[in-house]
Amino acid sequence: MNAAQHFYARESRREFLKSSGLGIGGLGLGSVLNQNLFADHAATRRPHFRPRAKHVIYLHMVGAPSQLDLFSHKPELTKRNGEKCPDHMFKGKRLAFIRQHPLLLGSRFQFNRHGQGGLALCEHLPQLGTVADELCLVQSIRTEHFNHAPAQLFMHTGFGRFGRPGIGSWINYGLGSENNDLPGYVVMITGSVAGAGNSLWGSGFLPTVHQGIEFRSNGDPVLFLSNPKGIGRDDRREIVDGINFLNRQSFDAVGDPEINTRIAQYEMAFRMQASVPELMDTSTESADTHTMYGTQPGKSSFANNCLLARRLVERGVRFVQLFDQGWDHHSGVFNSIPRKAKQIDQPVAALIKDLKQRGLLDETLIILGAEFGRTPMLQGNSNNGAAGNVGRDHHKEGFSMMLAGGGVKGGITYGDTDELGYQAIDHPMHLHDMNATILHLLGIDHEKLTYKYQGRDFRLTDVHGHVQDGIIA
Amino acid sequence: MPFNQFVVEQIAGDLLPNATPSQRIATGFHRTPTCNVEAGVHPEENRVNQVFDRVNTTGTVFLGTTLECAQCHDHKYDPFSIKDYYSLFAFFNNTPLEVKQNGNSVTFEFYGPTMDLPITTDQQKALDTLTAQKKRLDQQLAKLKTDSSAQQANWEKTTLTALQNAPEWSVLGIKQFSASGNPQHELQPDGSVVVTGPNPDKSTYTLRTNTNLPQITAIRLEALTHPSMHKGGPGRNKSPKENPNFIVNEFKLKVDGQKIAFASVTASFSQTRWHVKGSIDGNPATGWAINPEFGKPATAIYKLTKPLALKPGASLEFSIAQNYGGGRTIGRPRLSAMNGDPGATNLADNIAAILKKTKRSRQETKQLAEYFQKENPLLKSTETELAATNKKIAAIKPPTTLVMVEEDKPRETFIMQRGEYLNPGAQVTATTPGILHGMSADLPRNRLGFAKWLVAPQNPLLSRVTVNRWWAEIMGRGIVSSEEDFGTQSEPPTHPALLDWLSVEFIERGWSMRRIHKLIVMSATYRQSSRVTPATQAADAPNKWHARTPRLRMSAEMVRDNALTISGLLSTKMHGPPVYPPQPGGIWRHVGRNAPKYVAATDEDRFRRGVYVVWRRGAPYVSFTNFDAPDRGACVVRRPRTNTPLQALTLLNDEAYVEMAMAFAHRITEINEATVDSRIQFAYRSALSREARAAEINYLKPLLTRRLVYFQKNPKAATDLVNNVKGWKAPQGADPAELAAWFYLANILLNLDETITKS
């Protein structure tokens with residue numbers, strides 16, 4: 001053993017971190033003597049208090065579905081359908097599209113009551129009805145933005161412009177991952193992603209290791225995962241062995257611990273080449289499971305991503321984010337909602353059931369939401385026209401999100417908007433409050449999870465956010 | 001260019017007196033903020049966000065100041081008030097909107113100010129070709145116009161002849177009529193035949209006559225009315241109550257026993273699906289009918305392919321086949337022939353009148369010449385071609401770039417309470433923060449004045465912040481490690497005297513960037529060994545005190561440039577629009593309706609330096625972001641430097657790096673020295689700028705030999721590897737087994753920590 005190796009072997013990870021003089025934020029900059037990337041911070045940070053959830057599955061319905069046609073039952077709005085909306089809903093308000101005093105638009109769907117809590121859900125969500133006692137419907141969400149890109153950024157990063165880390169990055173920064181072979185933050189997408197693009201799962205000013213890694217359903221699930229043609233697994237092993245042998249020679253010569261990290265990363269990359277395809281291969285799931293989710297091995301769909309989300313959480317991945325495009329119903333809302341609801345109803349219900357039967361629901365927080373909601377007012381000219389022409393505009397004053405598992409109360413409705421579904425009046429819950437509550441459920445004090453950048457300690461919730469105890473079990 | 005001038009041009013090049021193109025281009029620095037063009041966006045909100053970005057970026061980059069905090073309230077730590085913030089904001093507030101609504105639609109377009117750049121070399125090439133073509137056409141046209149006077153004289157003569165021989169219809173009196181099914185008939189004095197008596201189901205008429213016309217050019221068939229027919233005809237129908245339609249399946253002409261072809265046919269009216277064309281197409285199932293145009297004559301004109309000269313008394317025989325059934329036949333046919341040039345009838349009346357005159361006025365002569373030139377086919381085609389060429393020349397637009405412009409009418413600026421643009425507070429004027437050095441009274445209160453204030457010698461921040469940033473780039477860590485923040489919350493400088501000295505040197509050496517870089521890299525500090533010893537590690541692991549020179553993993557762009565250089569592929573081509581090196585499919589799907597397609601370059605462009613790689617902030621180049629390149633959504637001074645498995649996967653498997661490895665393998669096998677040892681040494685010198693050590697050779701040599709033997713025994717395995725590298729084609733005569741074996745070594749060397757590390 002040469003001097004450098006001796007030194008390396010002697011110095012424990014904890015001591016090294018202490019002597020290196022680096023704070024948490026500096027870890028990504030300096031030498032990290034970890035065995036793999038994705039778990040590197042697990043040992044360095046602990047939750048601030050007892051966590052209720054260990055994992056998050058965040059389902060973002062991109063474009064923003066109409067809460068009034070899915071989750072928020074407003075009989076008064078239906079009754080007054082076609083009336084000119086009251087002045088306070090239009091005068092002095094800024095809306096994305098509506099420019100003329102609009103009419104009220106009631107839902108054309110029936111709402112049915114489910115479960116012991118009598119949760120009202122739209123007729124097009126029958127499967128979710130079967131798990132109603134697990135659901136926590138928050139009906140009073142508010143946000144700051146009514147254009148997609150800024151609102152999407154705000155939802156995830158707490159800031160309406162580019163440059164800040166998202167909630168998945170914050171949580172990974174705070175808690176690290178539990179899996180040696182997979183990233184702590186995985187993103188999957190159905191359809192294209194609008195507006196803010198990759199920045200929605202970027203790490204902002206946090207070290208890049210905390211960014212979300214997209215698992216793709218076409219081509220390599222992780223970019224650059226597969227070997228070039230003509231290079232098999234044994235061939236790759238030989239090459240990685242060669243790289244690591246020579247890197248060890250290098251370490252002996254210059255003693256830079258960063259080299260050992262790189263050796264570990266090449267081993268990790270090699271393991272990922274096997275573990276990620278194994279993860280993505282759902283053919284090993286039972287026929288019952290596939291029936292429950294409505295999935296088929298090898299196909300890509302939102303349902304498949306729900307099943308993969310369960311597989312990821314099962315393997316210890318901290319934060320899984322699913323984006324599903326196609327909810328921006330400026331027109332044709334009554335045609336589109338049944339079609340889109342059908343795509344999510346069964347798989348989301350299956351995900352909840354599946355996690356429950358595996359004993360994972362208690363420790364997995366499921367969130368279903370969007371960057372904003374939709375207006376109770378009609379966008380378009382005629383309410384008597386064909387169903388295809390009727391739509392709703394973007395709305396930030398009051399909308400819904402659905403939570404399940406992970407320490408939230410099941411079978412409840414929390415907060416509400418006024419009788420016309422416009423303004424959150426009962427227990428209004430700003431997205432900052434939601435983010436504070438999500439962190440809380442994971443055992444993190446949102447005021448203490450900070451990162452120093454540009455001379456100040458940044459937080460996901462900026463200077464806002466109140467944990468909403470009312471939804472915590 | 002001295003750095004102070006550079007800064008002035010970046011911020012306010014457009015406002016310099018007689019600004020040069022490059023000074024205007026420099027202001028593109030502040031045109032990089034993101035711009036939201038999604039439907040339903042509010043343009044003023046978008047503009048305000050862009051100004052925020054400009055102010056904050058200016059503070060971060062040039063002043064090391066975190067102004068952003070003062071956007072909503074007075075700065076918590078540093079002496080900047082919200083009023084200071086919006087007073088600075090006022091310098092940048094005179095910019096136009098950059099998105100506008102498309103009419104009344106819900107879509108918005110980006111339309112911020114741009115400037116034209118000089119055109120590209122490719123455009124210049126195209127322009128040269130087109131200009132040459134235009135010159136040739138101009139000359140050709142001039143010649144045609146000169147030649148045309150002779151041609152015109154000729155044309156006048158023939159046209160006049162044709163005119164005098166004006167076309168007219170001559171009725172051909174029918175001399176003999178016969179018909180299948182034997183209906184009766186009566187020859188009429190007007191030359192027509194009235195067909196009477198029992199109406200056969202189907203009937204083919206044969207009509208014969210003679211003529212003394214010298215020439216015929218067309219035949220007219222008339223189906224006339226007669227009171228003997230229901231509604232007057234013009235068709236006979238078997239059942240008298242039904243519509244008097246007829247169907248002519250085929251119409252034929254023989255002259256002196258010879259079949260004559262028709263070129264075309266037109267009719268006064270054709271029934272749907274029974275167009276008169278059907279009467280000369282040789283198909284007995286098609287034909288000419290006229291429902292519902294009953295009770296009036298119907299006419300068809302059959303044009304001959306060319307004028308037919310006739311002998312006196314020539315015999316004409318017409319045949320009219322009517323085989324539809326139901327007695328749908330013509331009740332009263334009449335035939336005429338046209339004599340003369342039908343083309344002459346195309347002549348406009350006024351021109352014909354001029355042509356007939358023997359004495360013409362000057363005006364008339366000119367009119368006639370112009371008419372002729374317009375009708376001349378060669379002249380016409382040349383003129384068309386010239387017009388097209390001119391259009392193409394006009395279409396060669398210079399590329400544009402985004403620049404700053406100042407609105408003529410300055411905007412008023414108000415404090416935005418809580419940072420909300422719809423929540424204005426007190427009005428402010430453009431002023432620099434009171435805590436910093438004063439702004440000279442003779443400077444204008446605009447961006448240019450601000451830029452000059454920034455580079456004033458009284459400002460210690462600009463040079464300190466700048467030399468600190470360069471120091472950090474070279475040494476891996478700034479003297480002030482919080483490079484973007486020199487405020488009260490910053491990390492204290494490790495070497496304050498050094499920082500001061502460097503920044504004064506920078507100013508005193510005429511703001512020369514080169515001199516400061518040289519000074520730093522030639523310092524004893526930088527030229528130390530980078531070896532990490534237990535002693536240095538124990539005393540100073542992050543190397544704050546510079547006991548050794550740093551070992552730093554290269555930046556994303558440099559990792560790629562370096563590998564391109566090693567593989568011998570690097571293109572040093574400079575300038576021009578961004579390049580699109582290969583990347584996996586589907587990356588750009590994230591972006592909205594303004595998304596262009598990512599078409600990977602297949603030429604030299606894919607080997608150009610990283611600085612030229614196209615950047616889309618919503619979907620940046622993955623191989624760069626994997627190496628910590630920020631997405632550029634907001635200003636980032638300090639990049640993290642991580643070490644991840646995704647970096648390993650990128651260097652191992654990204655098709656760009658696979659191609660580089662194969663090219664490197666080829667480069668190694670191409671050298672003159674053929675021994676494995678000397679090739680390994682060459683590879684090491686290329687990749688690591690040093691000789692391979694004995695232990696390294698001892699490891700690599702058996703690996704290579706093993707692989708070479710394997711590939712020689714398994715040529716298919718070799719070609720599978722060599723022939724499947726995207727973008728790369730094995731040069732002729734290259735031995736696949738050799739290439740495949742050396743690919744292993746090339747792939748290994750390009751992945752070494754030492755290869756991607758600056759030490």
Side-chain angles (χ1 to χ4, degrees), chain A residues 3-4 7 19-22 28-30 37 94 96-97 147-150 161-163 192-199 202 207-209 216 218-220 223-231 239 242-243 245-247 249-250 254-256 258-259 261-262 265-266 268-269 272 394 454-456, chain B residues 34 36 38 40-42 49 66 69 77 106 482 484-485 487 489-490 530-534 537 541-542 551 584-586 589-592 618-620 622 628 631 633-634 640-645 647-650 653-654 658 695-696 699 703 717 720-721 724 744 747-748 751-754 759:
Chain A
F7 159 76
S19 65
S20 74
L22 287 172
L29 298 169
L37 150 75
R94 291 194 315 140
F97 289 84
N147 288 139
H148 294 289
R161 300 200 296 277
F162 291 89
S192 62
V193 163
N198 290 33
S199 303
T208 329
V209 292
R216 303 161 17 124
N218 292 316
D220 273 355
L223 288 171
F224 315 129
L225 188 70
S226 58
N227 293 320
K229 262 189 197 157
I231 298 283
I239 288 170
I243 294 163
F245 174 84
L246 296 172
N247 278 343
Q249 300 286 308
S250 232
V254 298
D256 184 354
E258 194 71 22
I259 300 172
T261 308
R262 194 163 310 281
Q265 303 304 11
Y266 273 80
M268 165 84 180
M272 277 176 72
H394 305 167
Q454 294 198 335
R456 79 167 167 111
Chain B
T34 53
N36 191 7
E38 69 173 85
V41 75
H42 284 234
N49 282 338
T66 57
C69 297
Y77 309 112
V106 296
S482 55
E484 68 289 336
D485 179 27
Q489 294 297 299
S490 66
S530 62
R531 194 182 154 80
V532 182
T533 65
Q537 193 69 0
R551 284 186 93 255
R589 90 206 131 97
H590 295 311
V591 210
V622 181
D628 303 315
D631 66 12
R641 200 174 271 121
T642 62
N643 190 341
T644 71
Q647 292 169 5
L649 290 172
T650 307
N653 294 331
D654 178 1
V658 172
E696 292 162 337
Y699 183 88
L703 187 152
D720 265 359
L721 178 56
N724 281 315
Y744 276 68
N747 198 214
I748 288 171
N751 274 275
L752 291 184
D753 180 79
E754 195 180 341
S759 65

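Numbered from 1 within each chain, the chains take letters A, B, ... in sequence-line order.
Of the inter-residue distances, the one linking A:Asp256 atom CG with B:Ser759 atom OG reads 9.0 Å to the nearest 0.5 angstrom. Here the CG atom belonging to A:Leu246 is positioned 9.5 Å from the CD atom belonging to B:Glu754, to the nearest 0.5 angstrom.
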Can you list the steps and then say if B:Leu649 with A:Leu225 is a side chain to side chain contact (heavy atoms under 4.5 Å, CB included)?
CA-CA 6 Å; B:Leu649 290 172; A:Leu225 188 70; 3.9 Å; yes
Do A:Arg161 and B:Asn49 pass the side chain to side chain contact (heavy atoms under 4.5 Å, CB included) test, and can you show the C-alpha distance, the side-chain angles, and the key distance before you say yes or no?
CA-CA 8 Å; A:Arg161 300 200 296 277; B:Asn49 282 338; 3.3 Å; yes
For B:Asn643 and A:Glu258: C-alpha separation, side-chain torsions, deciding distance, then whether side chain to side chain contact (heavy atoms under 4.5 Å, CB included) applies.
CA-CA 8 Å; B:Asn643 190 341; A:Glu258 194 71 22; 3.1 Å; yes
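A:Pro228 approaches B:Asn653 most closely through the heavy-atom pair CD-OD1, 3.2 Å. Pairing each heavy atom of A:Asn147 with each of B:Gly40, the nearest pair is ND2-O, 2.8 Å. Pairing each heavy atom of B:Pro645 with each of A:Gln265, the nearest pair is CD-OE1, 3.3 Å.
A:Arg262 touches chain B through backbone and side chain together, each having a heavy atom under 4.5 Å away. Of the atoms belonging to B:Ala695, heavy atoms from both backbone and side chain fall under 4.5 Å from chain A. Heavy-atom distances place the side chain of A:Phe245, and not its backbone, under 4.5 Å from chain B. Of the atoms belonging to B:Glu696, heavy atoms from both backbone and side chain fall under 4.5 Å from chain A.
Each of B:Asp753, B:Asp654, B:Leu721, B:Asp485 has some count of heavy-atom pairs under 4.5 Å with chain A, and the biggest count is that of B:Asp753. For the options A:Gly219, A:Gly163, A:Ser250, A:Gly230, heavy-atom pairs under 4.5 Å to chain B are most numerous at A:Gly230. With chain A as partner, the option from B:Val658, B:Thr650, B:Asn36 having the largest number of non-hydrogen pairs under 4.5 angstrom is B:Thr650. Of the residues considered (A:His394, A:Arg216, A:Arg94, A:Gln249), A:Arg94 shows the highest number of contacts with chain B, using heavy-atom pairs under 4.5 Å. The most heavy-atom pairs under 4.5 Å with chain A, out of B:Val41, B:Asp720, B:Ile748, B:Asn747, come from B:Ile748.
Between the side chains of A:Ser199 and B:Asp631, at least one donor N or O lies within less than 3.5 Å of an accepting N or O.
With a 4.5 Å cut-off on side-chain heavy atoms, B:Thr644 and A:Met268 do not count as touching.
At least one donor-acceptor pair under 3.5 Å links the side chain of A:Tyr266 to the backbone N or O of B:Asn751. A:Asn198 contributes no side-chain N or O that, together with a main-chain N or O of B:Ala619, makes up a donor-acceptor pair within less than 3.5 Å.
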